[in-house]
Amino acid sequence: MSVVLNKKARFNYEILSKLTSGIVLKGCEVKSVRAGNININESFVFIKNDEVYLRNCYIKPYGAENNFSESPTRDRKLLLNKSEIIRLKQKVGEKGLTLVALKVFFERNLVKVEIALARGKKLYDKKQTLKERDIQRETGIK
């Protein structure tokens with residue numbers, strides 16, 4: 001069950017590989033995600049001190065428990081294996097590669113984040129993507 005997708009990421013970046021990770025949330029944040037009050041359009045993933053974090057992910061404070069909540073866009077830790085973190089750290093060190101969040105979903109009542117190793121598209125690549133999308137829309141072929 002997909003909760004939220006980052007459509008801008010697929011338009012702005014060429015996706016090279018995908019990876020699913022857990023995310024550390026507080027109880028009221030899980031309730032808010034389950035209600036669909038999350039936005040990952042401007043979020044990105046970064047590595048700090050051999051740990052992976054999700055930045056600028058907006059989770060609206062849950063109604064009943066918002067009187068002592070933290071910042072809605074705070075950095076949230078992603079749960080990955082040590083070997084996965086080392087591999088991502090090496091790949092991000094290469095020129096032009098970055099980590100982006102593609103979607104947030106539930107898997108057996110746990111909140112998961114699909115992150116991707118991606119390379120930024122140039123302007124002419126974006127124009128080509130728009131042209132292909134228009135052709136598919138006109139012909140009805142997927």
Side-chain angles (χ1 to χ4, degrees), residues 1-66 69-142:
M1 176 178 133
S2 180
V3 174
V4 65
L5 295 172
N6 187 355
K7 293 181 181 178
K8 284 178 126 180
R10 294 195 186 272
F11 180 73
N12 291 329
Y13 297 98
E14 174 190 353
I15 306 301
L16 301 177
S17 66
K18 298 178 188 176
L19 189 64
T20 301
S21 71
I23 185 169
V24 177
L25 297 174
K26 300 192 185 237
C28 58
E29 291 177 334
V30 174
K31 291 178 184 178
S32 187
V33 170
R34 195 172 295 279
N37 297 326
I38 182 172
N39 185 359
I40 62 168
N41 285 340
E42 298 297 323
S43 65
F44 61 94
V45 180
F46 69 99
I47 301 172
K48 179 182 174 185
N49 297 334
D50 291 333
E51 293 181 341
V52 182
Y53 292 94
L54 180 65
R55 181 170 278 174
N56 288 343
C57 174
Y58 178 79
I59 298 178
K60 182 179 175 184
Y62 190 68
E65 300 179 18
N66 65 355
S69 64
E70 296 182 21
S71 171
T73 59
R74 68 179 176 88
D75 294 346
R76 292 171 176 88
K77 186 176 177 180
L78 298 179
L79 305 172
L80 291 169
N81 293 331
K82 190 82 161 173
S83 61
E84 293 172 334
I85 294 172
I86 291 169
R87 185 179 64 82
L88 288 176
K89 196 173 186 180
Q90 290 172 349
K91 293 287 187 178
V92 171
E94 294 178 18
K95 186 178 179 186
L97 296 182
T98 187
L99 294 170
V100 293
L102 293 180
K103 68 179 177 179
V104 176
F105 61 97
F106 283 96
E107 186 176 286
R108 296 178 302 184
N109 294 329
L110 299 174
V111 180
K112 300 286 186 172
V113 179
E114 184 176 291
I115 61 175
L117 187 64
R119 178 177 288 123
K121 286 185 181 178
K122 305 284 187 209
L123 183 61
Y124 56 84
D125 291 332
K126 292 178 185 180
K127 287 181 180 179
Q128 183 66 26
T129 302
L130 288 174
K131 186 186 293 186
E132 290 171 0
R133 191 181 307 159
D134 287 342
I135 290 172
Q136 287 178 355
R137 187 179 307 128
E138 289 175 4
T139 59
I141 299 172
K142 289 198 173 193

Subject >> Spacing of CZ belonging to F105 relative to CG belonging to L5, to within rounding of 0.5 Å >> reply: 10.5 Å
**OP:** For R55, check side chain to side chain donor-acceptor pair (under 3.5 Å) against everything at least two apart and list the hits.
**Re:** D75
**OP:** Decide yes or no on side chain to side chain contact (heavy atoms under 4.5 Å, CB included) for L19 and L99, but give the supporting numbers first.
**Re:** CA-CA 10 Å; L19 189 64; L99 294 170; over 6 Å; no
**OP:** Among residues two or more places apart or on two chains, list those pairs meeting side-chain hydrogen bond (donor to acceptor under 3.5 Å, both in side chains) that have a residue in residues 19-28.
**Re:** K26-E70
Original post:
Mind checking whether V104 and V113 have side chains closer than 4.5 Å, heavy atoms only?
Top reply: yes
**OP:** List in chain and number order the residues that pass side-chain contact (heavy atoms from CB on, under 4.5 Å) with L25, two or more places apart in sequence or in another chain; answer none if no residue qualifies.
**Re:** I23, E29, V30, V33, I59, R76, V111
Original post:
Within a reach of under 6.0 Å around NZ of K112, are more than 12 heavy atoms found that belong to other residues, nucleotides or ligands?
Top reply: yes
Original post:
Under the side-chain hydrogen bond (donor to acceptor under 3.5 Å, both in side chains) rule, what pairs show up with a residue in residues 39-49, not counting sequence neighbours?
Top reply: K8-E42, N39-N41
**OP:** Using the test side-chain contact (heavy atoms from CB on, under 4.5 Å), find all partners of N109 that sit at least two apart in sequence or belong to another chain.
**Re:** R34
**OP:** Could you give me the CA-CA distance, side-chain angles and deciding distance for L130 and K126, then say whether side chain to side chain contact (heavy atoms under 4.5 Å, CB included) is met?
**Re:** CA-CA 6 Å; L130 288 174; K126 292 178 185 180; 5.7 Å; no
Original post:
With a 4.5 Å limit on heavy-atom distance, are the side chains of E14 and D125 in contact?
Top reply: no
**OP:** Verify side chain to side chain contact (heavy atoms under 4.5 Å, CB included) between L88 and V45, making sure each step is shown before the conclusion.
**Re:** CA-CA 11 Å; L88 288 176; V45 180; over 6 Å; no
**OP:** Go through the steps to decide whether V92 and L117 satisfy the test side chain to side chain contact (heavy atoms under 4.5 Å, CB included), and finish with yes or no.
**Re:** CA-CA 8 Å; V92 171; L117 187 64; 4.1 Å; yes
Original post:
Is it true that a side-chain atom of S32 and a backbone atom of C28 form a donor plus acceptor pair closer than 3.5 Å?
Top reply: no
Subject >> Validation row: F44, T98 side chains within 4.5 angstrom (heavy atoms) >> reply: no
Original post:
Mind checking what makes side chain to side chain donor-acceptor pair (under 3.5 Å) contact with D134, not counting sequence neighbours?
Top reply: R137
Subject >> Reported CD-to-CD1 distance for the pair E114 and I40, which is rounded to 0.5 angstrom >> reply: 9.5 Å
**OP:** Find the distance between CD (E51) and NZ (K82) and round it off to the nearest 0.5 Å.
**Re:** 8.0 Å
Original post:
Below 4.5 Å, heavy atoms only, C-beta onward: do R10 and T129 meet side chain to side chain?
Top reply: no
